[in-house]
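One structure is given below, encoded as C-alpha cells.
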Amino acid sequence: MSERKVLNKYYPPDFDPAKIPKLKLPKDRQYVVRLMAPFNMRCKTCGEYIYKGKKFNARKETVMNELYMGLPIFRFYIKCTRCLAEITFKTDPENTDYAMEHGATRNFQAEKLLEEEEKKITKDREEEELNNPMKVLENRTRDSKMEMEVLENLQELKELNQRQASVDFEGMLGTYKELEQRTKEQEKEEDERETREMLERALVKRLRDSDSDSDQDSESSSRPKKPSTDRPTDILTTDRLTDPQGLSVGGMKKAKVESWERSVGGLGGGGVLGTLVVRKKPTTSVPKPGTTVTPAGANTQTVSKAAATVPTEATKPITAQNGSSSLSLLGAYSDSDDSNNSE
C-alpha cells in the first residue's frame with residue numbers, strides 16, 4: 001500500500017528509454033474539452049443568441065503554423081444550441097481575448113473596434129513624438145485649443161438651457177443649501193437646550209434632596225429621644241387611663257414603678273390585673289371641726305403606742321369642708337378601736 005505513494009520508481013541498470021515504443025499521433029489532433037462561451041454571439045444560420053458563459057462540449061485543436069511570441073494558438077469547435085451549426089473561434093493572446101472565425105457574429109463588436117482604433121492612434125502619436133520635438137509642441141497646442149472649444153460649447157449649451165427652461169437650478173441649489181444650514185443650526189440649538197434642561201433638572205433634584213435631608217435632621221434633633229423602656233412585663237403595671245404622652249387623666253405624671261411591681265404587678269392598682277381583686281374600703285367617720293375623737297374606755301398609753309407603730313404613709317390628713325382645721329385620724333385602725341371599746 002505504501003508503494004503507490006512513491007514518486008520515484010526503480011529503474012534497473014539495463015534500462016534503455018529508446019526501446020520504449022512511441023505513439024505516432026498527429027500534431028493537429030483534436031481533444032474534447034468542456035468550456036464556456038467567451039463572448040456573446042449570434043448564429044448566422046438560425047439567428048439564435050448564444051450568451052457569454054454558456055457551457056459546451058467543444059473540440060480543441062492546435063492551429064498549425066501560427067504562433068505569437070512562441071505561444072501556440074488553439075481553435076475550438078462548438079455547435080449551435082438550436083440548429084446544431086458548427087461555430088469556430090480561436091484564442092488571441094496578443095489582445096488577451098478570443099477571435100471569432102466563422103459560423104456566428106460577435107455582439108458588441110463596435111466597442112472593441114473603437115478601443116483598438118484608439119490604441120492604434122495613441123501608438124502612432126507616441127512614435128511621431130519620439131524624435132520630433134516640434135510635433136510634441138503642435139500636439140499640445142492642438143489639445144489645449146480643443147479643450148477651450150469644448151468648454152465654450154458647454155457654456156453655450158448651459159446658457160441656452162437656462163433661457164429655455166423655466167426652472168432656476170442655481171436658485172434651487174442655493175435654497176437647498178440655506179435650508180440645510182438652517183436645519184443644522186436648529187438641531188444644534190435643540191441639543192444645547194436639552195443639555196441645559198438636563199443640567200437644571202439635576203440641580204433642582206440635588207437641592208430637593210439636600211432640603212429633605214436637612215429637614216429630617218432638624219426634625220430628628222428637635223424631637224426628644226424617648227428611652228426604650230418597653231418590656232414584656234410592662235403590661236402588668238400599665239395604667240388604662242393614661243394618655244399617649246405618659247400623663248395620667250388628672251395631668252400628673254404617674255409614679256415610678258418598682259422593678260418587683262413590673263414582674264409581679266400591683267393587685268390594688270388600676271392595671272390590667274387590678275380588676276381581679278376587690279379591696280374592702282375602710283369606713284371612716286369624719287368628726288366635727290374643733291373636736292378630737294378619742295376611743296372611749298381605752299388607755300392612753302395603748303393608743304399612743306398604736307399611733308407610734310402606725311407608719312407615716314398610713315396617716316392621711318383629712319380636711320373639713322370649710323378648710324379651717326385639719327384632723328389627724330387613724331382611719332386604718334378604726335375597726336381595731338371599736339373592738340377595744342367593746343372589750
Side-chain angles (χ1 to χ4, degrees), residues 1-132 135-136 138-140 142-143 146:
M1 293 296 292
S2 62
E3 292 180 358
R4 65 184 180 85
K5 296 182 180 180
V6 177
L7 299 178
N8 297 324
K9 301 293 185 181
Y10 173 74
Y11 293 98
D14 57 347
F15 176 74
D16 188 5
K19 296 180 180 178
I20 299 174
K22 296 183 179 179
L23 296 175
K24 295 180 180 180
L25 298 175
K27 293 183 179 180
D28 58 346
R29 64 184 183 275
Q30 295 180 352
Y31 300 94
V32 178
V33 294
R34 183 77 170 171
L35 57 80
M36 292 186 292
F39 45 76
N40 297 325
M41 64 185 79
R42 185 180 183 185
C43 180
K44 290 181 179 179
T45 305
C46 62
E48 178 71 12
Y49 286 97
I50 300 173
Y51 297 98
K52 180 179 180 179
K54 190 172 182 60
K55 293 181 180 180
F56 292 94
N57 291 325
R59 290 179 288 115
K60 170 190 170 185
E61 68 178 7
T62 304
V63 181
M64 301 302 297
N65 302 325
E66 285 191 23
L67 294 173
Y68 175 75
M69 299 179 67
L71 298 175
I73 296 174
F74 301 101
R75 182 182 289 113
F76 300 95
Y77 298 87
I78 62 173
K79 292 184 178 180
C80 177
T81 57
R82 183 176 181 183
C83 64
L84 300 179
E86 192 174 53
I87 300 171
T88 61
F89 56 88
K90 60 182 180 179
T91 57
D92 187 7
E94 183 179 359
N95 300 317
T96 63
D97 198 2
Y98 290 84
M100 193 73 202
E101 278 192 332
H102 74 276
T105 57
R106 182 172 179 176
N107 297 338
F108 309 109
Q109 189 70 16
E111 184 178 359
K112 183 179 179 182
L113 295 174
L114 180 62
E115 291 177 357
E116 290 178 356
E117 189 68 22
E118 289 179 353
K119 287 181 181 178
K120 185 178 180 181
I121 293 171
T122 305
K123 187 176 181 180
D124 294 341
R125 182 176 176 177
E126 289 177 355
E127 290 177 356
E128 289 179 357
E129 294 177 353
L130 185 60
N131 298 321
N132 192 354
K135 192 69 174 177
V136 175
E138 289 178 359
N139 292 335
R140 289 181 180 177
R142 191 186 307 113
D143 293 340
M146 188 178 297

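Note that the structure is a prediction, hence the values are computed from the model and not measured.
- For M64, the side-chain contact (heavy atoms from CB on, under 4.5 Å) test picks out K27, D28, with sequence neighbours left out.
- Each side chain to side chain donor-acceptor pair (under 3.5 Å) pair with one or both residues in residues 35-46, not counting sequence neighbours, appears once here: R42-Y49.
- Partners of N8 under the side-chain contact (heavy atoms from CB on, under 4.5 Å) rule, at least two apart in sequence or in another chain, do not exist in this structure.
- Shown here are the ring pair (Phe, Tyr, Trp, His ring centres under 6.0 Å) partners of Y31, two or more places apart in sequence or in another chain: there are none.
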Would K79 and I87 count as a side chain to side chain contact (heavy atoms under 4.5 Å, CB included) if you check the C-alpha gap in whole Å, the side-chain angles of each, and the deciding distance to 0.1 Å? CA-CA 6 Å; K79 292 184 178 180; I87 300 171; over 6 Å; no
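- Within the 4.5 Å cutoff, side-chain heavy atoms of N57 are placed close to those of R34.
- By the ring pair (Phe, Tyr, Trp, His ring centres under 6.0 Å) test, F15 is found to be paired with Y11, residues two or more places apart in sequence or in another chain being considered.
- A search for side-chain hydrogen bond (donor to acceptor under 3.5 Å, both in side chains) contacts involving N95 returns D92, not counting sequence neighbours.
- Legend: salt bridge (charged side-chain N to carboxylate O under 4.0 Å, His left out) pairs involving residues 59-71, not counting sequence neighbours, sorted by first then second residue: R59-E86, E61-R75, E66-K90.
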For residues 117-126, please give each side-chain donor-acceptor pair under 3.5 Å, one per line with the distance, not counting sequence neighbours.
residue : atom : partner : partner atom : Å
T122    : OG1  : E118    : O            : 2.9
R125    : NE   : E129    : OE2          : 3.1
R125    : NH2  : D143    : OD2          : 2.7

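- With sequence neighbours excluded, no residue forms a side-chain hydrogen bond (donor to acceptor under 3.5 Å, both in side chains) with R140.
- Every residue meeting the ring pair (Phe, Tyr, Trp, His ring centres under 6.0 Å) condition with F76, not counting sequence neighbours, appears here in chain and number order: F89.
- Here E116 contributes atom CD and L113 contributes atom CG; the two are 5.5 Å apart, rounded to the nearest 0.5 Å.
- Applying the side-chain hydrogen bond (donor to acceptor under 3.5 Å, both in side chains) rule to D14 yields no partners; only residues at least two apart in sequence or on another chain are considered.
- Nearest approach of F56 to I78, heavy atoms of both residues: CB-CG2, 3.9 Å.
- Atom CZ of residue F39 and atom CG of residue D97 lie 7.5 Å apart, to the nearest 0.5 angstrom.
- Minimum interatomic distance between E48 and C80 (heavy atoms only, all atoms of both residues): CB-SG, 3.9 Å.
- Annotation: side-chain hydrogen bond (donor to acceptor under 3.5 Å, both in side chains) contacts of N131 (sequence neighbours excluded): none.
- We find the CE-CG distance between M100 and N107 to be 10.0 Å, quoted to the nearest 0.5 Å.
- Around the OH atom of Y98, the shell of radius 6.0 Å holds no more than 12 heavy atoms that belong to other residues, nucleotides or ligands.
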